[in-house]
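Notes follow the structure.
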Amino acid sequence: MALKVFNTLGRKLEEFVPLNPPNVGVYVCGPTVYGHSHLGHAKSYVSFDAILRWLRYSGYNVRYIQNITDVGHMTENDEDAGEDKIIAEARRRGLHPAAVAESFTRSYFEDMDALSVLRPDISPRASGHIPEQIECARKLLEKGHAYEVNGSVYFDVSSFWKYGRLSGRSVEDMEAGARVEVNPEKRHPADFALWKRAEPGHIMRWPSPWGEGFPGWHLECSVMSQKYIGDTLDIHGGGIENQFPHHECEIAQGECTTGQPFCRYWLHNNMVTLNGQKMGKSLGNSVFLKDLFHTTEPLRDRDGNVLVEKSFEPAVIRHFILTSHYRAPLDFSNEALKAAEAGSYKLRDAVRELSRAARRAAQGPKVQGSQGPSTDAPRPLGPSAPRPLAAAPNATALEQCVASATSDAVRTALADISRRFSDAMNEDFNTAAAVATVFDFARQAGAWIRDGAPAGDLLAADTLMQALVGDVLGLRWQDTLGGAAAEAERNALIQILVDLRNDARKAKNFALSDQVRTRLATLGIELKDGPTGTTW
RNA sequence: GGUGGCGUGCCCGAGUGGACUAAGGGAGCGGAUUGCAAAUCCGCGAUUCAUGGGUUCGAAUCCCAUCGCCACCUCCA
């Protein structure tokens with residue numbers, strides 16, 4: 001079945017045909033780095049990560065670009081009256097704006113790494129592409145799509161007939177609905193800034209043909225996507241709230257510069273709500289990912305109401321996000337998260353059990369054919385450890401794996417699972433149906449293990465499971481034994497044995513108590529009975 | 001006010017004209033297993049898809065109206 005995607009341009013499912021197969025150029029709007037990432041970022045980037053993984057799994061050679069906005073994104077009201085978000089945060093913290101951007105860029109990648117979101121191939125910074133943006137504005141002026149007023153350059157929306165086509169609105173409608181006082185420099189209220197004159201005291205500023213200033217927010221995305229992908233993108237992704245005006249402006253800039261279609265497929269992901277309510281800074285109910293992953297006490301909103309009772313590991317959050325569709329809104333609540341956690345751990349245990357059973361059946365710790373990443377020992381996630389893309393399994397390799405199953409019944413079952421999974425993902429990346437499929441798979445695999453299926457069956461099943469769950473869905477749970485947690489658990493386990501041994505000593509069951517001491521000693525753990533108790 | 005979208009069991013959430021006697025997860029109940037638990041396994045659970053009309057041989061799926069919710073029109077993933 002061919003891959004179909006819902007294209008916002010045209011608002012319907014379309015077969016996905018890249019411009020230059022097998023190459024696919026994907027651009028997704030990245031974060032403005034003026035604060036820590038929250039649940040909204042998680043939904044957006046986990047969704048697109050699943051999309052990227054599926055494209056690669058399907059055999060496409062994907063180049064994935066995601067910008068880091070570190071300049072020019074204005075706060076509230078008309079963009080011309082607002083303030084640069086990063087500069088505002090820098091003033092609050094007493095830092096240089098670039099330091100704020102740097103710090104939150106790191107924070108963003110840290111959170112995304114935790115969620116197993118694969119890093120983009122290129123993460124261009126807006127501030128690193130000032131010359132390119134100036135050049136673009138210059139070209140647009142030259143072609144009559146823009147005009148300069150007092151050191152600022154504005155795009156003239158009346159010069160681009162397609163303006164409004166993506167979001168389905170007309171320039172006339174917008175004029176009628178304008179709520180904000182219009183910047184008198186603009187010829188039309190819908191015109192937007194390509195370059196802004198920097199007022200005295202504005203820190204982030206660059207020289208330009210129009211004097212010192214800084215780029216308008218929309219410009220970076222057109223410029224950087226076209227620089228790294230080409231005139232026409234295959235896929236542009238982003239949040240639905242940016243459909244207008246941001247993406248509309250990108251199209252206008254991109255197409256008026258090159259005369260080529262800017263992007264073939266526009267994918268928009270939906271928003272998250274929290275207990276049925278919009279999540280937002282102004283509502284005081286934002287949930288930041290770092291808090292959600294690590295908190296030791298309930299997270300509360302501004303009024304002290306509990307939003308989330310406890311912490312959840314990143315894989316559980318990812319799992320929850322993947323059980324819904326990227327185009328549908330997703331409601332977070334404590335209850336929903338707990339349910340997702342229970343389900344996710346059930347899947348985790350089944351996946352690990354299959355892995356162990358396959359290894360056992362093959363009678364060796366290291367097993368050929370099970371090269372998939374072991375969920376027992378997740379590969380380290382960190383700045384320098386993105387998945388080597390060349391090693392990622394693809395559909396063809398998986399077919400061979402399925403065919404390698406020993407018995408006809410299992411081979412048929414695996415082929416069926418594989419097909420259901422693919423059909424789901426090919427239908428506009430229906431991760432919810434894909435997750436349902438792997439749950440069914442896990443249940444069947446449990447039966448095979450109990451019925452003593454031959455090694456060939458279990459190995460084939462394990463390889464397929466690792467590929468679907470670990471590589472495509474990207475679910476990598478924390479190892480329950482690791483680092484400080486492992487140390488604490490080890491000590492707790494020894495304490496249990498010590499307590500039982502002391503019970504035995506009190507009951508004068510010295511045979512048993514000595515056995516405990518001897519056997520621990522063989523593990524290098526020496527027990528010492530002192531007046532205040534037993535130590536080791 | 002304008003534009004776009006959504007409303008599926010106790011909860012989350014797939015399904016968008018006939019294979020729906022509506023997926024999957026959570027919670028619940030019954031059973032198997034168990035010294036007791038946990039885990040696991042099997043089974044049950046929406047005659048119904050916000051409400052009311054309509055189109056159709058046939059609708060959760062299409063159309064209209066009403067109610068509720070969300071997004072965008074001003075920054076937000």
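Order of the sequence lines sets the chain letters (A, B, ...), proteins ahead of strands, with each chain counted from 1.
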Exercise. Tell me, do A:Ser116 and A:Leu475 make a side-chain contact under 4.5 Å, heavy atoms counted?
Worked result: no

Exercise. Can you find a side chain N or O atom of A:His325 that sits less than 4.0 Å from OP1 or OP2 on B:G13?
Worked result: no

Problem set entry | Contact pattern, 5' to 3', of nucleotides 22-28 of chain B - B, S or - by protein heavy atom under 4.0 Å | -BSSS--

For this session: Evaluate the criterion side chain to side chain contact (heavy atoms under 4.5 Å, CB included) for residue pair A:Cys263 and A:Glu250; output intermediate values, then yes/no.
Result: CA-CA 10 Å; A:Cys263 173; A:Glu250 281 184 51; over 6 Å; no

Exercise. Going by distance alone, is a donor N or O of one side chain under 3.5 Å from an acceptor N or O of the other, for A:Gln253 and A:His218?
Worked result: no

Problem set entry | Nucleotide paired to B:G1 in any strand shown, Watson-Crick or G-U, under 3.5 Å | B:C73

Exercise. Could you state the CE-P distance from A:Met271 to B:C6, rounded to the nearest angstrom?
Worked result: 16 Å

Exercise. Within this structure, what is the CZ-to-P distance between A:Arg11 and B:C72, rounded to whole angstrom?
Worked result: 14 Å

For this session: Taking only the side-chain nitrogens and oxygens of A:Asn242, find out if one of them lies under 4.0 Å from OP1 or OP2 of B:A77.
Result: no

Exercise. Is there a Watson-Crick or G-U wobble partner for B:U66 with both distances under 3.5 Å, and if so, which one is it?
Worked result: B:A50

Seminar exercise, completed: In whole angstroms, the gap separating C1' of B:G4 from CZ of A:Phe244 amounts to 13 Å

Exercise. Using a cut-off of 4.0 Å on non-hydrogen atoms, how would the nucleic acid contact of A:Leu347 be classed: base, sugar-phosphate, or nothing?
Worked result: nothing

Problem set entry | Side chains of A:Ile321 and A:Phe332 in contact at under 4.5 Å (non-hydrogen atoms) | yes

Seminar exercise, completed: Under a 4.0 Å heavy-atom criterion, the protein footprint on nucleotides 29-36 of chain B, written with B, S and -, is --------

For this session: Nearest whole angstrom, please: distance from the P of B:A14 to the CZ of A:Arg327.
Result: 11 Å

For this session: Select base, sugar-phosphate, or nothing to describe what A:Val272 touches, counting heavy atoms under 4.0 Å on all strands.
Result: base

Problem set entry | Minimum-distance nucleotide to A:Arg450 side chain [options: B:C72, B:G15, B:C41] | B:C41

Problem set entry | Pairing partner of B:U33 (Watson-Crick or G-U wobble, both distances under 3.5 Å) | none

Problem set entry | Qualifying residue, where the test is side-chain hydrogen bond (donor to acceptor under 3.5 Å, both in side chains) with A:Arg327 and the options are A:Asn269, A:Asp428, A:Asn430 | A:Asp428

Exercise. Is the shortest side-chain N/O distance from A:Asn270 to OP1 or OP2 of B:G5 below 4.0 Å?
Worked result: no

Exercise. For B:A39, which nucleotide in any strand shown is its Watson-Crick or wobble partner with both distances under 3.5 Å?
Worked result: none

For this session: Measure the distance from CG on A:Asn285 to P on B:C76 and round it to the nearest whole Å.
Result: 18 Å

Exercise. Side chains of A:Asp331 and A:Ser333: is there a donor and an acceptor less than 3.5 Å apart?
Worked result: no

For this session: Salt-bridge test for A:Glu255 and A:Arg165: reply yes if a basic N is under 4.0 Å from a carboxylate O, no otherwise.
Result: no

For this session: Could you list by number each residue of residues 41-52 of chain A showing a heavy-atom separation from RNA chain B of less than 4.0 Å, or answer none if no residue does?
Result: A:His41, A:Ser44, A:Tyr45

Seminar exercise, completed: What one should report as the nearest heavy-atom pair of A:Gln66 and A:Tyr108 is OE1-OH, 2.6 Å

Problem set entry | Test item: A:His319 and A:Phe312 side chains (from C-beta on) under 4.5 Å apart, heavy atoms | no

For this session: Report which part of the nucleic acid A:Asp349 touches: base, sugar-phosphate, or nothing (heavy-atom distance under 4.0 Å, all strands).
Result: nothing

Exercise. Strictly by modelled atom types, are A:Gln495 and A:Asp499 linked by a side-chain donor-acceptor pair under 3.5 Å?
Worked result: yes

For this session: Using both distances under 3.5 Å as the test, list the Watson-Crick or G-U wobble partner of B:G28, or none.
Result: B:C44

Exercise. Salt bridge between A:Asp440 and A:Arg443, side-chain N to carboxylate O under 4.0 Å?
Worked result: yes

Exercise. Strictly by modelled atom types, are A:Ser286 and A:His38 linked by a side-chain donor-acceptor pair under 3.5 Å?
Worked result: no

For this session: Quick one: label A:Ala447 by what it contacts on the DNA or RNA (base, sugar-phosphate, nothing), any heavy atom closer than 4.0 Å.
Result: nothing

Problem set entry | Presence of salt bridge, A:Arg476 and A:Asp471, under 4.0 angstrom | yes

For this session: Starting from C1' on B:G4, measure out to CD on A:Glu241 and report it in whole angstrom.
Result: 14 Å

